[in-house]
Amino acid sequence: MPQEFMAKHFSFSRYNLDGGRLHTMLTYGFSNMYFFSFLFDTLTIYLFGRSIEMRHGGNRLLKLFIMGTLLGGMTMAMFDRRSPFMVPHVGATAAVTSMLTFEACMNMGQRIMFFVFPMKIEFLVGFLVLQALFLDPLHRNLGGIAAGGSAYLLLN
């Protein structure tokens, strides 16, 4: 029973949208199925979210997270219509991408340590764009990139 409840209310899928469970366009960003995905999302939120929260406040960080999650859900819904089926999706991928994009726009040219890899922050976002366009059939990171870029434009 708990798995069925989670699948109905905390995963994003065509089945849930067609069933009128529109809230899943937000709630999927607050659940995870795989340990390493959870670990990556959590560490990225901690590392980059802390910086955003210190400069812009927790309220703006939460709005950015929610905006990234919703736009990621809308992007998945739009691209899902082309495929014959949709695997339920969970995780904060789009929200994390919105935070990374926002941080990159705020700090162009800054060198960061992304886990163990030193790089300029815009290269990380460039990698996410390429990944979203060519490796992810649902293009969920495009929604996160749009959310982060939009938030940056609204603040500047």
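Along the sequence shown, residues are numbered consecutively beginning with 1.
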Distance from [X] atom [atom1] to [Y] atom [atom2], nearest 0.5 Å?
{"X": "Thr69", "Y": "Phe30", "atom1": "OG1", "atom2": "CZ", "value": "5.5 Å"}
{"X": "Ile145", "Y": "Ser150", "atom1": "CD1", "atom2": "OG", "value": "11.5 Å"}
{"X": "Phe48", "Y": "Glu53", "atom1": "CZ", "atom2": "CD", "value": "15.5 Å"}
{"X": "Phe123", "Y": "Ile112", "atom1": "CZ", "atom2": "CD1", "value": "11.5 Å"}
{"X": "His23", "Y": "Leu17", "atom1": "NE2", "atom2": "CG", "value": "10.0 Å"}
{"X": "Gln131", "Y": "Thr97", "atom1": "CD", "atom2": "OG1", "value": "7.5 Å"}

Within a strict 4.5 Å, meaning less than it, do heavy atoms of the [X] and [Y] side chains meet?
{"X": "Ile45", "Y": "Met99", "value": "yes"}
{"X": "Glu4", "Y": "Lys8", "value": "yes"}
{"X": "His56", "Y": "Leu61", "value": "no"}
{"X": "Asn16", "Y": "Ser11", "value": "yes"}
{"X": "Leu155", "Y": "Arg60", "value": "yes"}

Starting from [Y], can I reach [X] by hopping between I/L/V/M/F/W/Y residues whose side chains sit under 4.5 Å apart?
{"X": "Leu142", "Y": "Phe134", "result": "yes"}
{"X": "Leu128", "Y": "Leu43", "result": "yes"}
{"X": "Phe117", "Y": "Phe40", "result": "yes"}
{"X": "Tyr46", "Y": "Met106", "result": "yes"}
{"X": "Leu154", "Y": "Leu100", "result": "no"}

Closest approach of [X] to [Y] (non-hydrogen atoms, all atoms of both residues):
{"X": "His139", "Y": "Ala132", "result": "ND1-O, 2.5 Å"}
{"X": "Leu70", "Y": "Met25", "result": "CD2-O, 3.8 Å"}
{"X": "Arg55", "Y": "Asn107", "result": "NH2-ND2, 3.5 Å"}
{"X": "Ala94", "Y": "Gly72", "result": "CB-CA, 3.6 Å"}
{"X": "Ala147", "Y": "Met67", "result": "O-CE, 2.9 Å"}
{"X": "Val125", "Y": "Ala104", "result": "CG2-CB, 3.4 Å"}

Donor-acceptor pair, [X] side chain versus [Y] backbone, under 3.5 Å?
{"X": "Asn141", "Y": "Leu130", "value": "no"}
{"X": "Ser98", "Y": "Ala95", "value": "yes"}
{"X": "Glu122", "Y": "Gly109", "value": "yes"}

- For Tyr15, check ring pair (Phe, Tyr, Trp, His ring centres under 6.0 Å) against everything at least two apart and list the hits.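 Result, ring pair (Phe, Tyr, Trp, His ring centres under 6.0 Å) vs Tyr15: none returned.
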- Message: Applying the ring-ring contact (aromatic ring centres under 6.0 Å, His included) criterion to His89, which one of Tyr28, Phe10, Tyr34, Phe12 satisfies it?
- Response: Tyr28
